[in-house]
Amino acid sequence: MTSAGRGVRGPWWRDAVCYEIHPRAFADSDGDGIGDLPGATARLPYLRDLGVDAVWLTPFYPSPLADAGYDIADHTAVAPDVGTLGDFDTFAERAHTLGLKVLVDLVPNHTSDAHPWFREALAAPGGSTARERYLFRPGRGVRGEEPPNDWRSAFGGAAWTPVGDGEWYLHLHAPEQPDLNWYRPDVVADFERILRFWLDHGVDGFRVDVAHALYKDPALPDAGPGQHEDPARNHLLPYYDREELHPLYRSWHTLLAEHPAGPPGSAPPGERLLVAEAAVFDPARLARYVRPGEMGQSFNFAFLECPWEPAAIRAVVTESVDAMTAVGAPVTWVLSSHDAVRPVTRYGGGPVGVRRARAAALLMLALPGTAYVYQGEELGLPQVELADDRLRDPVWRRSGGTERGRDGCRVPLPWEGGRAPYGFSSAAPADCWFPQPQGWAALTADAERADPGSMLELYRAALRLRRSGSARAVADGAALRLLSPPDAAHLAFDRGDGLLCAVNFGARPLALPESFDGTEVVLASGPLTDEGRLPTDTAVWLRQVVRSVG
Ligand code: GLC
């Protein structure tokens, strides 16, 4: 909105909609109750019909599943419960045939404790090369009984675990996820090998997990009192957002641009994508990950975490567009993921939550840039309260049972039928990855396809318009103009291409402002009032039919 006319870099991903698949909860083909790659392949036509441009698969690699697969024991293989490498190739080939790009997760910050490197490190003495691939240090205190510093795990508790010989190892997540030492050339080289391996198997890009944390201050200083409590200041932590990250990402950019073309249908060199999962909340700092020659995109968690309030959303939209446009990168928008409480629940639950989630979807899909949609968001699934004994998230255990963690958004998708497991699997409902609740018959993909007022049909209509209709996706936010005053109970903007969007957060129906004269409604998240006003928690897309004069 400030730096007009620079244009946004990037090919297909500049304005794409990418659908996140969490494979074990998506579709099961072999009746073991665990979603798998052949199951996902069979459902690809659903995604083509939904109208997305790309799919991102969360980890499907061999793993003890201490953190839903983000603890990887072998980065260049497929977990047996999810399929084979041949199944991955079939998935990618079928996706490409349907016009869908494929992203996979790259998890470079840590490995599983079952990775051969970590096993070797545990068996080796302190100071050995094997231990130097990770971050082993002697403990503090007279007998080394205290952790080497005060760093905290993102899942609660200390970020260090003792191994019984006076040394401790660092894990910014679960103890089963030891952090790698990125100052080691063999670590760097191994991840280059992993990138090349998946490019050869046809992937079009990578979502880079915990992209802000690979390098730690080599002196491993204490973070200091209070430093862990304020996410807005997390770039000041000695293990977050360090300068050394950027040369590494530039080298990956070059690798992706230069590695030879993959199988037919995959994105050519130069059109591949790196997207950063960087928990950096200052927009200007986040933009540093997507400067020319680095990554293509970074997730915009500020949008996901924003409360349903016009001033807060307005600020996030403005700051995100300004920061990304300044470096020529597309803004990304995301309302849900495998780590977040589902939007209909987060926005209040029940009919209010559904109404707001519908409005939020139209807001997100009108904004310039790329959107990420997490499986089940398009069905309006709520967060599920799982029984204690079904919870798998390390957060549950490490918080001593005070935080339930993220499993409630990882319940298998309901596809069809009137009873659990709703076409997800032929296994008994209790034997599925997570049990689905009863009462989801109206939320299956089949049921929603037959209901013009469903969440699925809203997403389909919006995505159809983004692709080919009067609300085509735009990449560049430079021309975005806010039409509502900062203190208004609504947010309204003109994208600069004749498409206007308004969201009413206020309690009273909103008469559309004068700037909307000469427009016609293209799509609305709910019915307007008889007087043509926009009800509370409702969004509308309008298109200029006549240019207003003066
Ligand atoms: C990312 C993933 C999350 C995982 C963590 C550790 O934040 O999205 O699911 O637990 O990294 O790998």
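Side chains included, hydrogens not; waters and symmetry mates left out as well; all remaining heavy atoms used.
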Minimum side-chain heavy-atom gap [X]-[Y] below 4.5 Å:
X    : Y    : value
W182 : L180 : yes
E93  : P263 : no
C409 : V341 : no
D15  : P330 : no
L413 : L381 : yes
S298 : M324 : yes
D28  : D30  : yes
Y19  : Y46  : yes

Legend entry - Pairwise distance CG(L365) to OG(S525) - rounded to 0.5 angstrom: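 Reported to 0.5 Å precision, the distance equals 11.5 Å.
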Legend entry - Euclidean distance, I72 CD1 relative to I194 CD1, rounded to 0.5 Å: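 If I round to the nearest 0.5 Å, the distance is 8.0 Å.
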Main chain of [Y], side chain of [X]: is a donor-acceptor contact present, judged purely on distance under 3.5 Å?
X    : Y    : answer
T332 : N300 : yes
S266 : D204 : no
R346 : A357 : no
Q383 : R342 : yes
D74  : P62  : no
W333 : P368 : yes
R291 : V327 : no
Q436 : V411 : no

Inset, instruction - Assess K101 against W13: is NZ or CZ under 6.0 Å from the centre of the six-membered ring, and within 45 degrees of the ring's axis? - result: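 Geometry flag: not set, cation outside 6.0 Å or 45°.
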Inset, instruction - Measure from NZ or CZ of R392 to the centre of the six-membered ring of W433, then state whether that distance is under 6.0 Å and the direction lies within 45° of the axis. - result: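 Checked: cation-pi criterion met.
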Inset, instruction - Determine the sole option in R48, R467, R466, R14 for which the salt bridge (Lys or Arg N to Asp or Glu O under 4.0 Å) test with D53 is passed. - result: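 The salt bridge (Lys or Arg N to Asp or Glu O under 4.0 Å) with D53 is passed solely by R467 among R48, R467, R466, R14.
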For [X] and [Y], take the angle between the two ring planes, folded into 0 to 90°, and tell me which bin it lands in: parallel under 30, tilted 30 to 60, perpendicular over 60.
X    : Y    : result
Y374 : H22  : perpendicular
H110 : H173 : tilted
Y249 : H246 : perpendicular

Inset, instruction - Identify whether the distance between the nearest side-chain nitrogen and carboxylate oxygen of R464 and D49 falls below 4.0 Å. - result: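 Result for this pair is no, no salt bridge flagged.
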Legend entry - Under-4.0 Å salt bridge between R288 and E294: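 The answer is no: the pair does not qualify as a salt bridge.
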State whether a side-chain donor-acceptor pair under 3.5 Å links [X] with [Y].
X    : Y    : value
Y289 : D241 : yes
H338 : E20  : yes
S336 : E377 : yes
H259 : D200 : yes
T84  : D87  : yes
Y459 : E448 : no
D446 : W415 : no

Inset, instruction - Sort out for me which residue in T111, D71, D81 forms a side-chain hydrogen bond (donor to acceptor under 3.5 Å, both in side chains) with S63. - result: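 In the set T111, D71, D81, the residue that makes a side-chain hydrogen bond (donor to acceptor under 3.5 Å, both in side chains) with S63 is D71.
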Inset, instruction - Evaluate whether atom CZ of R419 has more than 12 neighbouring non-hydrogen atoms of other residues, nucleotides or ligands under 6.0 angstrom away. - result: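 Atom CZ in R419 is not packed in, count stays at 12 or less.
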Legend entry - Y61: which of W198, F197, Y70 passes ring pair (Phe, Tyr, Trp, His ring centres under 6.0 Å):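 One option only clears the test, and that one is W198.
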